[in-house]
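To start, the structure itself, in structure tokens.
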Number of protein chains: 2
Amino acid sequence: MPRIAAAERRALLLDAAWRVLLDHGVAGATTRAICAEAGMPQGSFHYCFDSRNELLTELAADLLPRELSAAAAAVVRGGSLVDTVHRALLAYWELVESEPQVHQVVYEITAMSLREPALADPAKVRYAAYPLAVTGVLEEIAAVRGIAWDRPVDVLARQVVALLDGLTLQFLIDADAEGARAALRACAEDIARHRRRVRYAAARATVRDGSVAP
Amino acid sequence: MPRIAAAERRALLLDAAWRVLLDHGVAGATTRAICAEAGMPQGSFHYCFDSRNELLTELAADLLPRELSAAAAAVVRGGSLVDTVHRALLAYWELVESEPQVHQVVYEITAMSLREPALADPAKVRYAAYPLAVTGVLEEIAAVRGIAWDRPVDVLARQVVALLDGLTLQFLIDADAEGARAALRACAEDIARHRRRVRYAAARATVRDGSVAP
DNA sequence: GTCTATACACCGATAGAC
DNA sequence: GTCTATCGGTGTATAGAC
């Protein structure tokens, strides 16, 4: 290898590691396999990383931005409230159906985080961010449509996160896309039922200042 | 060791393996560790099992009866419909809070099942049984209270399974029992909203023959 | 059958030539 | 810095003495 900056090597190894993870899982992501994927000798691994665990930790920390950028759910304006919620849920779900291995790896890393103290923190950060992201979407929907939710948004968000997480896990095992989509549709209906109408003027004001009416 | 029947040895090893799994996870459940836990020399492992994988497969197949016997949810008769549903959900949830490691191991085995063809089948059986078990509970509730659900029971069941699975996973990471219980309560309310009243005579008949009115 | 000793493979990490 | 060769450790599985 004709001389590469350490930072660039790091990036190459992280990319290679991600590809190996998708193909062979956490257990198969050995330093040897990663270096082979990157076209480097195994010994060069420790130029950039003190240990395999350091790479995995950095990779675990990268999961969140990766997911957030992918699931920047577009809140569509047209249609009924149910449709709006449903489309937001589908925006996530289509990622699951199109890239199941990605989510499989995420579960593997999550499971590993529960045993490996070094990975505990990224996992906690990630699972704290999920409900916040969903809360943001729910509040945006409420603002756009001039409604309020009749249940604390963080409770609604936690329900949604749990349901999506559970559906994803089940889908990885049974690959039953129809069943999952039926549950998704039903979930959208349930959420839409928690609309509480507010007076039109208040709704207008809500949209204007971006906050949500009580 | 003073001579033990092969079948008994098998049982001893399976028990020991389960204890090791709870303490050190799938990755830590090596044949050495399992035999040490069972008080046997490592070499004796292969008296009863051709391979470590065979033991894990058998153990994975044992998960379902273990869970079913534990979560034989008692459908309580008193109180409102919301309370009845809520208590059924809590019957499961209290197992999660009291024995989180058990569920952690189940997730690890599930994750492993997605990479190891030998374990794929037990996982599929298990995840097919979950919705069926919940369907049974929902139908029992409907029968006992003389109501019907206004949404296909299998869709409702799939929602419940996904939510419980997701909440469990999240709880393992953030240990936020309050948040989980709030979501659980909310879920009970949402399900109870799907009651559709039927005439009293029909309800009586429904209870008698054990089926559910359309 | 039971146990000890060991074979064989693979892992992460490092030493040392260039 | 780069790479090869190898160390020390651990894993599963097995061979062979008793």
Side-chain angles (χ1 to χ4, degrees), chain A residues 1-21 23-60 105 108-109 111-113 115-119, chain B residues 1-21 23-60 105 108-109 111-113 115-119:
Chain A
M1 217 102 190
R3 174 103 183 189
I4 300 180
E8 189 178 348
R9 258 205 144 86
R10 256 181 111 89
L12 286 176
L13 282 173
L14 283 170
D15 273 5
W18 184 248
R19 290 195 297 275
V20 174
L21 280 170
D23 282 351
H24 304 102
V26 173
T30 66
T31 57
R32 288 180 149 84
I34 294 170
C35 287
E37 172 71 28
M40 302 179 194
Q42 187 263 342
S44 70
F45 182 88
H46 294 278
Y47 295 175
C48 327
F49 295 97
D50 284 346
S51 69
R52 172 179 184 264
N53 231 309
E54 185 187 324
L55 178 141
L56 288 178
T57 306
E58 186 154 327
L59 213 143
V105 169
E108 289 179 357
I109 292 179
M112 190 171 131
S113 305
R115 301 275 178 195
E116 190 64 44
L119 295 187
Chain B
M1 216 107 191
R3 175 105 183 189
I4 302 180
E8 190 178 348
R9 260 207 142 84
R10 253 182 112 89
L12 287 175
L13 281 174
L14 282 170
D15 273 4
W18 185 247
R19 291 195 296 276
V20 173
L21 279 170
D23 281 351
H24 304 102
V26 174
T30 66
T31 58
R32 288 185 207 278
I34 294 170
C35 288
E37 172 71 28
M40 302 179 193
Q42 187 264 342
S44 70
F45 182 88
H46 294 280
Y47 295 177
C48 327
F49 295 98
D50 284 345
S51 68
R52 171 180 183 263
N53 230 308
E54 184 186 326
L55 178 142
L56 288 178
T57 305
E58 186 153 328
L59 212 143
V105 169
E108 289 179 357
I109 292 180
M112 192 173 130
S113 305
R115 301 275 178 196
E116 191 64 44
L119 296 187

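The model shown is predicted, which means the values in this text are computed figures rather than measured ones. Letters A, B, ... mirror the listed sequences (proteins, then strands); counts begin at 1.
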Protein-nucleotide distance (Leu13(A), atom CG; dT2(D), atom P), rounded to Å: 12 Å
Check: Arg115(B) side chain, Val26(A) main-chain N or O, donor-acceptor pair, under 3.5 Å: no
Nucleotide nearest Arg9(A) when distance is taken to its side chain, options dT14(D), dT2(D), dG12(C): dT2(D)
Heavy atoms from other residues, nucleotides or ligands near NE2 of His46(B) exceed 12 (cutoff 6.0 Å): yes
Rounded distance (nearest 0.5 Å) linking atom CG of Asp50(B) with atom CG of Leu55(B): 11.5 Å
Ser51(A) vs dG12(C): side-chain N/O to OP1/OP2 distance below 4.0 Å: no
Position toward the 5' end of DNA chain C (nearest nucleotide), Gly28(A) or Gly43(A): Gly28(A)
Separation of atom CD1 in Ile34(B) from atom P in dG11(D), rounded to whole Å: 11 Å
Whole-Å gap separating C1' (dC7(D)) and CD (Gln42(A)): 12 Å
Rounded interatomic separation in angstrom, taking CG from Leu55(A) and C1' from dA13(C): 15 Å
dC11(C) OP1/OP2 closer than 4.0 Å to side-chain N/O of Thr30(A): yes
Whole angstrom value for the distance that separates C1' of dT10(D) from CZ of Phe45(B): 16 Å
N/O (side chain, Arg52(B)) to phosphate O (OP1/OP2, dT10(D)) under 4.0 Å: no
Among dT2(D), dT4(C), dT12(D), the one nearest Tyr47(A) by side-chain distance: dT2(D)
dT2(C) phosphate, OP1 or OP2, under 4.0 Å from Ser44(B) side-chain N/O: no
Distance, rounded to the nearest Å, where Glu8(B) contributes CD and dG1(C) contributes P: 14 Å
Close side-chain approach of Asp15(B) and Arg19(B), heavy atoms under 4.5 Å: yes
Interatomic distance, Arg32(A) CZ vs dG11(D) P [rounded to whole Å]: 17 Å
Glu116(A) vs Leu56(A) side-chain heavy atoms within contact, under 4.5 Å: no
Interatomic distance, His46(B) NE2 vs dG11(D) C1' [rounded to whole Å]: 10 Å
